[in-house]
Protein chains: 2
Amino acid sequence: MTKVRDNGRKDAILAIAAGQFRRRGFERTSVRDIAEALGMTSGSLFYHFATKEELLVAVMEGGVRDIMQSVRDGLAGETRLPERLLSMVRSHLKALLGPRLDAMTVLLYEWRSLSPAAQSRVLALRDAYEALWMEPINEAVVLGLVESDAVLVRQTVLGALNWTAQWYRPEGRLDVDALAQSMYAMLFPRVAAASGAKSTSTLSGRGN
Amino acid sequence: MTKVRDNGRKDAILAIAAGQFRRRGFERTSVRDIAEALGMTSGSLFYHFATKEELLVAVMEGGVRDIMQSVRDGLAGETRLPERLLSMVRSHLKALLGPRLDAMTVLLYEWRSLSPAAQSRVLALRDAYEALWMEPINEAVVLGLVESDAVLVRQTVLGALNWTAQWYRPEGRLDVDALAQSMYAMLFPRVAAASGAKSTSTLSGRGN
DNA sequence: GTCTATATGCGGATAGAC
DNA sequence: GTCTATCCGCATATAGAC
């Protein structure tokens, strides 16, 4: 069964476009390139999307929608803080490095190609996603398990996670689950330790 | 002390180009834009640089040279591991977010605009810089103060640091020194704890 | 070293037939 | 929905005068 909203042609166009935008960048990709990869001519593309920018925006909006969905789904049923944070790290990495890699990478690295108007719309969506992280991080702050500056924690965590798109190779030794586990342990060491599991270390120094 | 190599005109071109490449991206910036900002015409630019790509490569090579210099200078005289790691974090952030912001951001985010040949040359330089981090991180691994996978630690740390270019605003509440201190404490908590020094949260009244 | 003028090609986008 | 044909502007890069 296909998804409810199966726009067929449009989705196929978006998938191809996302791949090309990621690999070659937005402005180095011509609409002729995309059309050719789809077996059509550039004139036909403009029947589906009025402008090239509209195509980029659609790719990005799909990316945000997917990662929010992924993180929310993973969170369902998790109530304890350590599991929730681990789940978010895992869902984020799976969305970023899995089948959605193209759209997610475009979202993260091509937003400067947008006109100012489109930029604020897309950045607003990104902000909404990032806001999902504030609740558990704030909880960790209250519990004294991370630095007191919750926003800085979020930027640091998301920076480390998002950067994986620049170096992670699926053929490598680490699969995404193992990567998620390791990065979680690095980025939230005191939360992981508090969960009772033996984390990387002894509870060093003062418990804080 | 002014630099020995003051090519004057060429340096001025590179500075302008770096700024435009950062703000508007490589392909959205035309050589006419750059020339106009310098008070010349596009024909004149090609007297100094044979191609637009040559300009990009020169900006990037300058960026790597500067950050390597900055990190090496900061390291001079530091012998203990905590001070060395803190120094590297600070130097990296200062190079990235300070007066070299333009070239550094271009280096990090515009390398896909390079031809394959130029790409491998520039990425080789980046690798050389990243290799600087392996020695202290390996030492921390041996001491059991970070995760055992030194490469993953490096990618995580550099990812978090490099991402600051996407969100840090100098007008904000945090200056670069304070940011460095906080990120160091987050990314190397057990090294920081082992140093016996103050942890970030409690001592805030100071610097500013 | 900088200018003017220009070659040359590719880009996004449109019109209208089928 | 897709095609062909085309408009038109802008981009890199060059030639040659000053």
Side-chain angles (χ1 to χ4, degrees), chain A residues 2 5-61 106 110-119 121-122, chain B residues 5-61 106 110-119 122:
Chain A
T2 38
R5 34 160 261 94
D6 183 36
N7 302 340
R9 209 84 191 103
K10 245 178 163 147
D11 283 352
I13 295 172
L14 287 177
I16 295 288
Q20 306 232 346
F21 289 164
R22 173 177 73 85
R23 275 185 294 278
R24 317 179 15 196
F26 176 72
E27 23 270 311
R28 285 179 301 284
T29 304
S30 71
V31 295
R32 285 176 175 85
D33 293 334
I34 298 170
E36 191 184 5
L38 286 157
M40 42 166 70
T41 58
S42 69
S44 311
L45 252 193
F46 286 99
Y47 171 80
H48 301 277
F49 295 90
T51 66
K52 189 188 174 192
E53 178 177 52
E54 199 173 287
L55 203 45
L56 178 60
V57 170
V59 166
M60 290 179 164
E61 287 178 343
V106 169
E110 301 288 328
W111 56 269
R112 281 181 324 165
S113 298
L114 295 169
S115 66
Q119 214 169 94
R121 279 183 19 243
V122 170
Chain B
R5 33 162 258 95
D6 184 37
N7 301 340
R9 208 84 189 105
K10 244 176 165 147
D11 283 353
I13 294 172
L14 287 177
I16 295 287
Q20 305 232 347
F21 289 162
R22 174 176 73 86
R23 276 186 295 279
R24 321 186 3 201
F26 176 72
E27 24 269 312
R28 288 181 298 285
T29 303
S30 71
V31 294
R32 284 178 176 86
D33 292 334
I34 298 170
E36 191 183 6
L38 286 156
M40 42 167 71
T41 59
S42 69
S44 309
L45 252 194
F46 286 98
Y47 170 81
H48 301 277
F49 295 90
T51 66
K52 190 188 173 192
E53 180 178 48
E54 197 172 289
L55 203 45
L56 178 60
V57 170
V59 167
M60 290 179 163
E61 288 179 342
V106 169
E110 303 287 329
W111 55 270
R112 283 182 322 167
S113 298
L114 295 170
S115 66
Q119 216 170 92
V122 170

Identify the two heavy atoms, one from B/Ala58 and one from B/Leu14, that lie closest to each other, and give their separation to 0.1 Å.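 The answer is CB-CD2, 3.6 Å.
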Taking atom [atom2] of [N] as reference, at what distance in whole Å does atom [atom1] of [X] sit?
X: A/Leu56; N: C/dG12; atom1: CG; atom2: P; result: 12 Å
X: B/Asp33; N: D/dC10; atom1: CG; atom2: C1'; result: 11 Å
X: B/Arg28; N: C/dC10; atom1: CZ; atom2: C1'; result: 18 Å
X: A/His48; N: C/dG12; atom1: NE2; atom2: C1'; result: 17 Å
X: A/Glu27; N: D/dC10; atom1: CD; atom2: C1'; result: 14 Å
X: B/Leu45; N: C/dA5; atom1: CG; atom2: P; result: 19 Å
X: A/Lys10; N: D/dG1; atom1: NZ; atom2: C1'; result: 12 Å
X: A/Arg9; N: D/dG1; atom1: CZ; atom2: C1'; result: 9 Å

Among C/dT4, D/dC3, C/dT2, the one nearest any side-chain atom of A/Ser44 is D/dC3
Give each protein N/O atom lying under 3.5 Å from an N/O atom of nucleotides 13-18 of chain D, with the pair distance.
{"residue": "D/dA13", "atom": "OP2", "partner": "B/Lys52", "partner atom": "N", "Å": "2.8"}

Think A/Thr41 has a side-chain N or O under 4.0 angstrom from the OP1 or OP2 of D/dT2? no
Tell me whether the OP1 or OP2 atom of C/dT2 has a side-chain N or O from B/Tyr47 closer than 4.0 Å. no
With sequence neighbours left out, which residue pairs that include part of residues 18-34 of chain A fulfil the salt bridge (charged side-chain N to carboxylate O under 4.0 Å, His left out) condition? A/Arg22-A/Asp102, A/Arg24-A/Asp33, A/Glu27-B/Arg28, A/Arg28-B/Glu27
Taking only residues two or more places apart in sequence or in another chain, which ones pass side chain to side chain donor-acceptor pair (under 3.5 Å) with A/Ser42? none
Check side chain to side chain donor-acceptor pair (under 3.5 Å) between A/Thr51 and all other residues, then give those that pass, not counting sequence neighbours.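 A/Thr51: no side chain to side chain donor-acceptor pair (under 3.5 Å) contacts found.
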Sorted by chain and number, sequence neighbours left out, side-chain contact (heavy atoms from CB on, under 4.5 Å) with B/Ala37 holds for B/Ile16, B/Gln20
Which residue pairs satisfy the ring pair (Phe, Tyr, Trp, His ring centres under 6.0 Å) criterion with at least one member in residues 22-61 of chain A, sequence neighbours excluded?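 Only A/Phe21-A/Phe26 qualify under ring pair (Phe, Tyr, Trp, His ring centres under 6.0 Å).
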Below 4.5 Å, heavy atoms only, C-beta onward: do B/Met60 and B/Leu114 meet side chain to side chain? yes
